[in-house]
Participant: 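Okay, here's the structure, questions in a sec.
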Amino acid sequence: MSDQEDPLILAIDNGTQSVRALLFDARGELVGRHKIEIEPWYSEAPGCAEQDSELYWQEIGRACRALWDDYDPKRVAAVSVTTQRGTQICLDADGQPLRPAIVWTDRRRVDEKRLPKMPPLWRVLIGLSGRRNALKQLRENAECNWLAVHEPETWEKTAAFVGVSGFLNHRLTGRLADSVGSQVGYLPFDYRARRWASPKSWRWPALSIRRDQLPELVNPGDRLGELTDSAAEHLGLSAGLPVIAAGADKACDLVGAGISDRNTACISFGTRSTISVHSARYFEAKPPMPAFPAARHGYFMVEAAVPRGFWMVSWFKEQFGLEERQRAEASGVSAESLLDELVDEVPAGSLGLMLQPYWGHDIDPGPEAKGAIIGFGDVHTRAHLYRALLEGVAYELRSGAERIERRSSRRLQALRACGGGARSDTVMQITADIFNCPVERPHTVETSGLGAAILAAYALGWYPSVRVATKEMTRVGHRIEPNPDNRAVYEKLYRRVYRRLYKRLAPLYHDIREITGYPD
């Protein structure tokens with residue numbers, strides 16, 4: 001067959017800020033791509049972050065159909081889905097959304113006092129284990145608990161409670177099933193065993209959810225089902241095409257970046273920026289945050305995260321980048337490439353301007369944490385602020401990487417970069433300098449989509465194993481080495497300033513929260 005006739009895999013990547021339809025061939029080359037920007041979420045109350053679930057489905061159809069202007073849809077041999085994590089959707093008995101999706105950035109919490117008490121035995125055992133605070137965080141953060149308390153009528157009608165991947169896979173196949181590799185969130189999931197918790201687990205009384213509300217789990221690389229007639233029409237494809245279980249976007253990033261050894265980590269410059277590794281052994285980078293199921297079956301994905309990592313680039317662009325946005329629109333280039341030019345005007349270390357990127361809180365470092373920028377002087381401009389932002393995200397990711405190294409007794413010697421930020425040589429250079437190790441860009445930055453395609457290629461029998469498929473479909477496209485002079489500056493700033501910031505500022509964050517109620 002000619003290249004124009006070779007079969008292709010359609011990977012659907014439903015992220016937080018965009019939806020992408022991607023076509024990959026058996027060599028892992030990105031043959032076709034259509035991207036649609038979406039509003040990440042809307043907010044009708046402080047802390048609220050929601051999105052219309054039907055928007056995801058609508059835009060996926062639009063993105064897929066746009067591909068067929070240039071490619072023959074009959075070449076598609078399989079479909080695989082990867083999505084954002086932790087965004088939850090309530091479905092009724094007919095599979096229709098009952099309310100908007102609760103996006104992973106939502107900050108609403110439920111008072112544990114309004115929830116049913118845990119059985120006495122569990123309260124005693126959890127207290128003895130020293131994980132009482134972890135249990136409290138789980139119960140107060142769980143979307144299902146919030147719904148049961150604040151929207152009991154909706155929760156009563158909820159026949160299925162699924163993530164974005166479960167919703168999309170149901171729409172594609174008509175089967176309420178999802179990949180094991182997509183289960184990330186406040187759910188009764190046993191992360192060590194990579195399955196729903198046993199009926200006797202403490203997780204069930206901790207959460208207001210029933211087993212029948214959860215999808216059937218399928219291992220990554222297994223067949224979920226086939227495209228239904230209605231789904232095929234929506235995507236512009238043929239009914240009956242196999243739909244293959246993949247994993248969450250970060251899990252697929254590890255596969256698509258070709259991470260197969262202990263000494264290489266994947267650094268994802270996405271809305272939620274992460275550094276992660278594969279591990280055959282379960283361990284937690286910082287308890288109680290679990291290790292998540294990997295898209296590589298039988299493995300765990302251990303990560304450290306900056307919740308609003310490269311979302312901050314979008315924030316800066318909207319708040320301070322009017323000039324670059326206007327120039328980008330006039331010249332047909334990306335605003336981010338023009339912001340890179342801004343960064344190049346500033347020396348490493350941003351003349352002492354330091355940023356701590358806690359724009360969105362998480363379990364780590366704590367719910368009271370806020371962002372901080374210190375070291376301002378009259379020499380500083382928005383260029384210094386933007387570079388300090390990129391440096392701050394890299395500092396925090398390095399801190400997470402050091403925790404992973406300590407907990408796993410490994411030494412990270414190289415990074416594979418993915419996500420939108422990986423397109424920037426400037427971002428990669430700053431990262432290499434702060435980590436003092438090489439940063440490699442895979443041959444495509446669409447690593448989450450490629451990871452989903454690799455699993456589909458294995459399922460189709462194109463390769464005998466996921467390991468072989470990964471080896472044949474991934475490769476390094478570009479490598480950046482640390483700059484010795486910059487590395488020396490960053491090492492001093494990281495050790496003598498950045499690592500001391502949070503402990504010094506934490507008492508003030510507590511006072512801010514007490515006085516203003518933000519963040520609540």
Side-chain angles (χ1 to χ4, degrees), residues 9 11 13 22 24 26 28 78 80-83 85 163 165 169 177-184 189-195 217-224 243-268 270 274-285 290-305 404 407-408 410 412 414-419 440 442-444 446-476:
I9 292 166
D13 189 344
L22 309 165
F24 290 96
S80 196
V81 172
T82 182
T83 71
R85 308 175 300 176
S165 56
N169 285 323
D178 198 13
S179 171
V180 171
S182 294
Q183 305 316 306
V184 176
F189 187 78
D190 185 335
Y191 288 98
R192 286 182 182 271
R194 295 183 291 260
R195 61 176 182 244
L217 295 180
V218 176
N219 288 326
D222 286 353
R223 183 180 291 220
L224 277 162
V243 178
I244 308 303
D249 51 4
K250 302 300 183 185
C252 285
D253 275 334
L254 275 166
V255 176
I259 307 298
S260 58
D261 64 82
R262 283 176 49 84
N263 304 115
T264 304
C266 179
I267 189 163
S268 173
T274 61
I275 183 161
S276 55
V277 297
H278 273 141
S279 175
R281 176 179 67 86
Y282 182 92
F283 73 94
E284 298 170 354
F292 300 124
R296 185 178 172 189
H297 181 51
Y299 281 75
F300 299 98
M301 178 187 68
V302 184
E303 73 174 24
I404 290 173
R407 299 280 295 183
S408 62
R410 70 176 76 193
L412 298 178
L415 303 173
R416 296 269 173 85
C418 58
E440 300 169 337
H443 72 282
T444 174
E446 296 286 3
T447 48
S448 54
L450 177 56
I454 287 170
L455 291 161
Y458 159 69
L460 290 170
W462 293 0
Y463 296 101
S465 67
V466 173
R467 179 182 287 275
V468 173
T470 302
K471 181 179 179 181
E472 294 298 323
M473 296 176 71
T474 66
R475 50 204 159 274
V476 174

Participant: Which residue in the set Ser448, Cys252, Ser80 passes side-chain contact (heavy atoms from CB on, under 4.5 Å) when paired with Asp13?
Facilitator: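 Of the listed residues Ser448, Cys252, Ser80, the side-chain contact (heavy atoms from CB on, under 4.5 Å) partner of Asp13 is Ser448.
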
Participant: How many angstroms lie between CD1 in Ile244 and CG in Asp222, if you round to the nearest 0.5 Å?
Facilitator: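 If we round to the nearest 0.5 Å, Ile244:CD1 and Asp222:CG are 8.0 Å apart.
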
Participant: Do you know which two heavy atoms are closest between Cys266 and Cys418, and how far apart they sit?
Facilitator: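 Heavy atoms only, the tightest pair is SG-SG, 3.5 Å.
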
Participant: Rounded at 0.5 Å granularity, tell me how far CZ in Phe292 sits from CD in Glu284.
Facilitator: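 The CZ atom of Phe292 sits 9.5 Å away from the CD atom of Glu284.
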
Participant: Check Ile404 against Val302 and note the closest heavy-atom contact, atom names and distance.
Facilitator: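 Reported closest heavy-atom pair: CD1-O, 3.9 Å.
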
Participant: If you round to the nearest 0.5 Å, how far is CZ of Arg407 from CZ of Arg281?
Facilitator: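 So the CZ of Arg281 and the CZ of Arg407 are separated by 8.5 Å.
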
Participant: Calculate, to the nearest 0.5 Å, the distance between atoms CD1 and CG belonging to Ile267 and Leu415 respectively.
Facilitator: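 Going from the CD1 atom of Ile267 to the CG atom of Leu415 covers 5.5 Å.
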
Participant: Side chain to side chain contact (heavy atoms under 4.5 Å, CB included), that's the test. Do Arg296 and Leu254 meet it? Break it down for me.
Facilitator: CA-CA 9 Å; Arg296 185 178 172 189; Leu254 275 166; over 6 Å; no

Participant: May I ask you to check if Arg194 and Phe300 form a cation-pi contact, with NZ or CZ under 6.0 angstrom from the six-membered ring centre and within 45° of the axis?
Facilitator: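 Relative to the ring axis of Phe300, which defines the angle, Arg194 lies inside both limits.
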
Participant: How close do Ile9 and Ala453 get, heavy atom to heavy atom, and via which atoms?
Facilitator: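 Heavy atoms of Ile9 and Ala453 come nearest at CD1-O, 3.4 Å.
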
Participant: Do the side chains of Asp253 and Thr82 get nearer than 4.5 Å, heavy atoms only?
Facilitator: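 The answer is no; the side chains never approach within 4.5 Å.
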
Participant: Can you list everything that forms a salt bridge (charged side-chain N to carboxylate O under 4.0 Å, His left out) with Arg85? Sequence neighbours excluded, please.
Facilitator: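 For Arg85, the residues satisfying salt bridge (charged side-chain N to carboxylate O under 4.0 Å, His left out) (neighbours in sequence not counted) are Glu303.
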
Participant: Can you name the nearest heavy-atom pair linking Tyr191 to Ala291, along with the distance?
Facilitator: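 It is CB-O, 3.5 Å.
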
Participant: Under 3.5 Å, which donor-acceptor pairs link side chains of residues 455-469 to any protein atom two or more places apart or in another chain?
Facilitator:
residue : atom : partner : partner atom : Å
Tyr463  : OH   : Ala26   : O            : 2.5
Ser465  : OG   : Val468  : N            : 3.1

Participant: Does any N or O in the side chain of Asp261 come within less than 3.5 Å of the main-chain N or O of Thr264, such that one atom is a donor and the other an acceptor?
Facilitator: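 At least one qualifying donor-acceptor pair exists.
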
Participant: Would you say that more than 12 heavy atoms from the other residues, nucleotides or ligands in this model lie under 6.0 Å from the NE2 of His278, or not?
Facilitator: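 Above 12, so yes.
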
Participant: Would you check if Phe189 and Pro293 make a side-chain contact, meaning some heavy-atom pair closer than 4.5 Å?
Facilitator: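 They are in side-chain contact.
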
Participant: Got a donor-acceptor contact below 3.5 angstrom from the Arg262 side chain to the Ser408 backbone?
Facilitator: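 Yes; at least one donor-acceptor contact below 3.5 Å.
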
Participant: I'd like to know whether CZ of Arg195 has more than 12 heavy-atom contacts from other residues, nucleotides or ligands below 6.0 angstrom.
Facilitator: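 Result for CZ/Arg195: open.
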
Participant: To check you understand the geometry: which heavy-atom pair defines the closest contact between Ile259 and Arg416, and what is its length?
Facilitator: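 Nearest heavy atoms, Ile259 then Arg416: CD1-CG, 3.5 Å.
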
Participant: Residues two or more places apart in sequence or in another chain: which of them pass side chain to side chain contact (heavy atoms under 4.5 Å, CB included) with Thr474?
Facilitator: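 Only Leu450, Ile454, Thr470 meet the side chain to side chain contact (heavy atoms under 4.5 Å, CB included) criterion with Thr474.
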
Participant: Arg223 and Val218: which non-hydrogen atoms are nearest, and at how many Å?
Facilitator: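 In this case the closest contact between Arg223 and Val218 is O-CG1, 4.1 Å.
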
Participant: With side chain to side chain contact (heavy atoms under 4.5 Å, CB included) as the test, would you mind laying out the steps for Val277 and Leu412 before giving the verdict?
Facilitator: CA-CA 9 Å; Val277 297; Leu412 298 178; 4.0 Å; yes

